[in-house]
Amino acid sequence: VQLQASGGGLVQPGGSLRLSCAASGFTLDDHAIGWFRQALGKEREAVSCISNTDDSTYYADFVKGRFTISRDNARKTMYLQMNSLKPEDTATYYCATDPHGVAGRFDCYGFDDKDYWGKGTQVTVSS
């Protein structure tokens with residue numbers, strides 16, 4: 001089982017980045033998918049996720065209207081399109097999957113198996 005995140009980097013405020021996360025060693029179709037982030041000195045927080053049962057989607061308030069989560073099961077890849085980036089979006093972004101993950105109304109739940117977490121990709125938003 002492996003999740004490999006990529007696409008991070010340095011971008012100016014207002015810019016865009018597209019994160020990708022390639023899955024291998026398991027069937028992505030059966031899994032909920034999610035993106036999480038952790039800024040320096042802060043706790044990890046959910047950014048966005050999609051349930052695999054009904055495709056319900058969660059976006060944290062701080063990214064609504066700016067970020068879009070998507071998946072391509074045939075390519076076994078998940079994405080996070082990030083637009084209108086702000087300095088406060090600076091963090092390490094992690095992709096995660098879980099067969100029991102749920103996109104709830106207020107958070108992403110059930111992404112508990114550490115084997116299904118990628119190593120993270122750094123996003124820095126700065127002028």
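Nothing here was measured: the structure is a model prediction, and the numbers come from that model. One is the number of the first residue; the rest follow in order along the sequence.
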Any chance you could lay out the ring pair (Phe, Tyr, Trp, His ring centres under 6.0 Å) test for Phe36 and Trp117, step after step, and finish with the verdict? CA-CA 10 Å; Phe36 300 78; Trp117 281 76; 4.7 Å; yes

Could you go through Asp55 and Ile50, starting from their C-alpha distance and side-chain angles, then the distance that decides it, and tell me whether this counts as side chain to side chain contact (heavy atoms under 4.5 Å, CB included)? CA-CA 6 Å; Asp55 285 337; Ile50 303 177; 4.0 Å; yes

Determine, stepwise, if the pair Phe67 / Leu85 fulfils side chain to side chain contact (heavy atoms under 4.5 Å, CB included). CA-CA 9 Å; Phe67 291 11; Leu85 282 161; 3.7 Å; yes

Let's go through Leu40 and Lys42 carefully: what are the C-alpha distance in whole Å and the side-chain angles of both, what is the deciding distance for side chain to side chain contact (heavy atoms under 4.5 Å, CB included) to 0.1 Å, and is it a yes or a no? CA-CA 6 Å; Leu40 195 63; Lys42 296 187 177 181; over 6 Å; no

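Residues Phe111 and Val47 do not share a hydrophobic cluster, defined by chaining ILVMFWY side chains whose heavy atoms lie under 4.5 Å apart. A continuous path of Ile, Leu, Val, Met, Phe, Trp and Tyr side chains, each step under 4.5 Å between heavy atoms, connects Met78 with Phe26, placing both in one hydrophobic cluster. Put simply, Leu3 and Val1 are part of the same group of oily side chains (I, L, V, M, F, W, Y) that touch within less than 4.5 Å, one to the next. Two different hydrophobic clusters hold Tyr79 and Tyr116 under the rule that ILVMFWY side chains link at heavy-atom gaps under 4.5 Å.
Pro87 places none of its side-chain heavy atoms less than 4.5 Å from the side chain of Ser126. Annotation: side chain of Leu80 is not in contact with side chain of Thr68 (no heavy-atom distance under 4.5 Å). With contacts defined as side-chain heavy-atom distances shorter than 4.5 Å, the pair Trp35/Ile69 qualifies. Between Tyr59 and Ser48, the closest side-chain pair of non-hydrogen atoms falls below 4.5 Å.
Electrostatic pairing of Lys64 and Asp61 counts as a salt bridge here, judged by a charged N lying under 4.0 Å from a carboxylate O. Ion pair Asp89/Arg66 flagged as a salt bridge, since at least one NZ, NE, NH1 or NH2 atom sits closer than 4.0 Å to an Asp/Glu carboxylate oxygen.
Smallest separation of non-hydrogen atoms from Ser16 and Ser84: OG-N, 4.3 Å. Scanning all heavy atoms of the two residues, the minimum distance from Ala46 to Phe62 falls at O-CZ, 3.7 Å. Between Ala103 and Ser51 the shortest heavy-atom distance is N-OG, 2.7 Å.
Atoms CG and CE, from Leu19 and Met82 in turn, are 3.5 Å apart once rounded to the nearest 0.5 Å. In this structure, CZ on Arg71 lies 12.0 Å from SG on Cys95, to the nearest 0.5 angstrom. The distance from atom CG of Asp29 to atom NZ of Lys76, rounded to the nearest 0.5 Å, is 8.5 Å. For the atom pair CG (Leu10) and CG (Leu17), the distance works out to 9.0 Å, reported to the nearest 0.5 Å. Note: Cys21 SG to Lys119 NZ = 12.0 Å, rounded to the nearest 0.5 Å. Between Gln4 atom CD and Thr121 atom OG1 the span is 8.5 Å, to the nearest 0.5 Å.
Remark: aromatic rings of Tyr58 and Phe106 are distant, center separation not under 6.0 Å.
Sorted by first and then second residue, the side-chain hydrogen bond (donor to acceptor under 3.5 Å, both in side chains) pairs involving residues 92-101 (not counting sequence neighbours) are His31-Thr97, Arg37-Tyr93, Thr92-Gln122.
When the side-chain hydrogen bond (donor to acceptor under 3.5 Å, both in side chains) test is applied to Asp54, the partners found at least two apart in sequence or on another chain are Ser56.
Side-chain N/O atoms of Asp72 and Thr77 include no donor and acceptor closer than 3.5 Å.
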